[in-house]
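Please read these numbers as outputs of a predicted model, since none were measured by experiment. Sequence lines set the chain letters: A, B, ... in the order given, protein chains first and strands last, and positions in each chain run from 1. Every heavy atom of this structure was used, including side-chain atoms; hydrogens, water molecules and symmetry mates were not.
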2 protein chains.
Amino acid sequence: MPENRDFRMTASRREILSLLEACSSHPTAEEVCTMVRERLPKVSLATVYRNLDLLAREGLIRTISVAGEQRRYDGMVEEHHHIRCEVCGRVEDVELSCRDPLEALLADSKGYEVRGCTLCFVGVCGECAGDGAESDE
Amino acid sequence: MPENRDFRMTASRREILSLLEACSSHPTAEEVCTMVRERLPKVSLATVYRNLDLLAREGLIRTISVAGEQRRYDGMVEEHHHIRCEVCGRVEDVELSCRDPLEALLADSKGYEVRGCTLCFVGVCGECAGDGAESDE
DNA sequence: ATAACTGCAAAACGTTTGCGTGTAT
DNA sequence: ATACACGCAAACGTTTTGCAGTTAT
């Protein structure tokens, strides 16, 4: 039963994929690598990077990147956005479809054909609030 | 006439600041360095990084994190957002205050105290449209 | 069989830091 | 005079790449 893909579904790829799909924490490549190694101890970080890149290009996962910070990966491929805690760095999903109404506005106002939208709120999560951490603004 | 600042307004800082204020292209640190060197040839990249960081901490410029790319800097300090061309990479300002209505929603729905919002649309700008460049999706 | 995939090590990249010298205040 | 800022070069953490051996198809 040949799969209709232009790449091979190897053990490490299957593992990365199912791991990301089950995981809500938007891990970094290194965190993915650590998780993969629990089941496939010999997987190298380079392979994890290569596979994350491939899976993202194939549209099976999403990349969350904030310039100057470590890239993170997300198994949820539907359009959605994130909120990141300024203190602990955690990233959570936000279900919020503000894209469509703005798309028309932007395409009109800037002459762009809008293809996507990366929206990331930053703030302080409930756990970090009151930690005395809000003073570094 | 002593200035009421907790840092010195040196030549390189003044230059970086006025350059960013006059510049609408959201340059990277290296681009800023190149521009600064047109007038101050001996400035080092490390100094540019240090000064960009300081000016951002002081609130005189903004750091913009455009997904997947190098950090960029912006002389416009008011809350605003960006749109980036997928083809040529240019980043333009978008005046669009979608923050306030969403803030309440988010603070409520996720338990976060929202402090800011980085919103970046990606698309194809007018100049790049029809260049045959939209095939690499 | 063979093209795709892998681990390893080294390179590349953007960014930060230590140190001794220079400069704004 | 002195604390701050600087240039230089080296270090850093993340990501990419070259290569030779391995594996899925």
Side-chain angles (χ1 to χ4, degrees), chain A residues 1-17 19-20 26-58 60-74 84 89 91 136, chain B residues 1-17 19 26-58 60-74 84 89 91:
Chain A
M1 174 179 137
E3 301 275 347
N4 209 19
R5 278 194 295 271
D6 52 350
F7 63 96
R8 296 179 188 165
M9 188 50 77
T10 60
S12 66
R13 284 175 191 168
R14 198 172 2 252
E15 190 58 29
I16 289 172
L17 200 49
L19 186 154
L20 277 178
H26 311 92
T28 62
E30 196 138 5
E31 287 165 351
V32 170
C33 189
T34 301
M35 292 190 260
V36 170
R37 282 177 173 162
E38 283 171 19
R39 303 185 69 182
L40 304 168
K42 289 185 301 189
V43 168
S44 75
L45 183 55
T47 293
V48 171
Y49 271 109
R50 277 189 278 233
N51 287 345
L52 287 169
D53 185 58
L54 179 137
L55 294 171
R57 280 200 320 274
E58 296 292 329
L60 300 178
I61 64 171
R62 266 180 167 254
T63 297
I64 309 173
S65 53
V66 177
E69 314 219 346
Q70 230 168 320
R71 212 171 282 157
R72 290 176 175 274
Y73 299 88
D74 190 340
R84 177 171 54 92
V91 174
D136 67 4
Chain B
M1 176 177 136
E3 301 276 347
N4 210 17
R5 278 193 296 271
D6 52 350
F7 64 96
R8 296 179 187 165
M9 187 49 77
T10 59
S12 67
R13 284 175 192 170
R14 197 170 4 249
E15 188 59 29
I16 289 172
L17 199 50
L19 184 154
H26 311 90
T28 62
E30 197 138 3
E31 288 164 351
V32 170
C33 190
T34 301
M35 292 191 259
V36 171
R37 282 177 174 162
E38 284 172 19
R39 301 184 69 181
L40 304 168
K42 291 184 299 191
V43 168
S44 76
L45 182 56
T47 293
V48 171
Y49 271 109
R50 275 189 279 235
N51 287 346
L52 287 168
D53 185 56
L54 178 136
L55 293 171
R57 281 201 318 275
E58 295 293 329
L60 300 178
I61 64 170
R62 261 180 170 254
T63 296
I64 59 182
S65 296
V66 177
E69 311 211 346
Q70 235 170 314
R71 212 171 280 156
R72 290 175 176 271
Y73 299 88
D74 191 337
R84 176 172 56 91
V91 175

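Contact check, R13(B) against dC6(D): a side-chain N or O comes under 4.0 Å of OP1 or OP2. Close to dT15(D), at under 4.0 Å from its OP1 or OP2, lies a side-chain N or O of Y49(A). A sub-4.0 Å separation between OP1 or OP2 of dC8(C) and a side-chain N or O of R50(A) is absent. Between T10(B) and the phosphate of dC4(D), there is no side-chain N or O to OP1/OP2 separation shorter than 4.0 Å.
Under a cut-off of 6.0 angstrom, the local environment of CD in E30(B) is sparse, with at most 12 non-hydrogen atoms contributed by other residues, nucleotides or ligands.
Inter-residue side-chain proximity for R71(B) and T63(B) is flagged as met; some heavy-atom pair is nearer than 4.5 Å.
Note that CG of L60(A) is 11.5 Å distant from CD1 of I16(A), once rounded to the nearest 0.5 Å. Considering CZ of R37(A) and CD of E15(A), their distance stands at 13.0 Å, rounded to 0.5 Å.
Distance R71(B) CZ to dC13(C) P: 18 Å, rounded to the nearest Å. Distance, R57(B) CZ to dC4(D) P: 13 Å, rounded to whole Å. Note: CZ (R72(A)) to C1' (dT15(D)) measures 16 Å, nearest angstrom. Taking atom CG of residue L55(A) and atom P of nucleotide dC5(C), one finds them 11 Å apart after rounding to whole Å. The distance from atom CZ of F7(A) to atom P of dC5(C) is 8 Å, rounded to the nearest whole Å. R8(B) has its CZ atom 7 Å from the C1' atom of dT23(C), to the nearest Å. Whole-Å rounding puts the K42(B) NZ to dC8(D) P distance at 9 Å. Here the P atom of nucleotide dT15(D) and the CG atom of L45(A) are 9 Å apart, to the nearest Å.
Heavy atoms of D53(B) sit nowhere under 4.0 angstrom from any nucleic acid atom. Looking at heavy-atom distances under 4.0 Å, S12(B) makes contact with sugar-phosphate atoms alone, never a base.
Comparing E30(A) and T47(A) by the nucleotide of DNA chain D that holds the closest heavy atom to each, the one mapping nearer the 5' end is E30(A). Residue-to-nucleotide proximity on DNA chain C shows that, of A29(B) and V48(A), the 5′-proximal contact is made by V48(A).
A side-chain donor-acceptor contact under 3.5 Å links S12(B) and N51(B).
Among the nucleotides dT25(C), dT15(C), dT16(C), the one closest to any side-chain atom of A46(B) is dT16(C).
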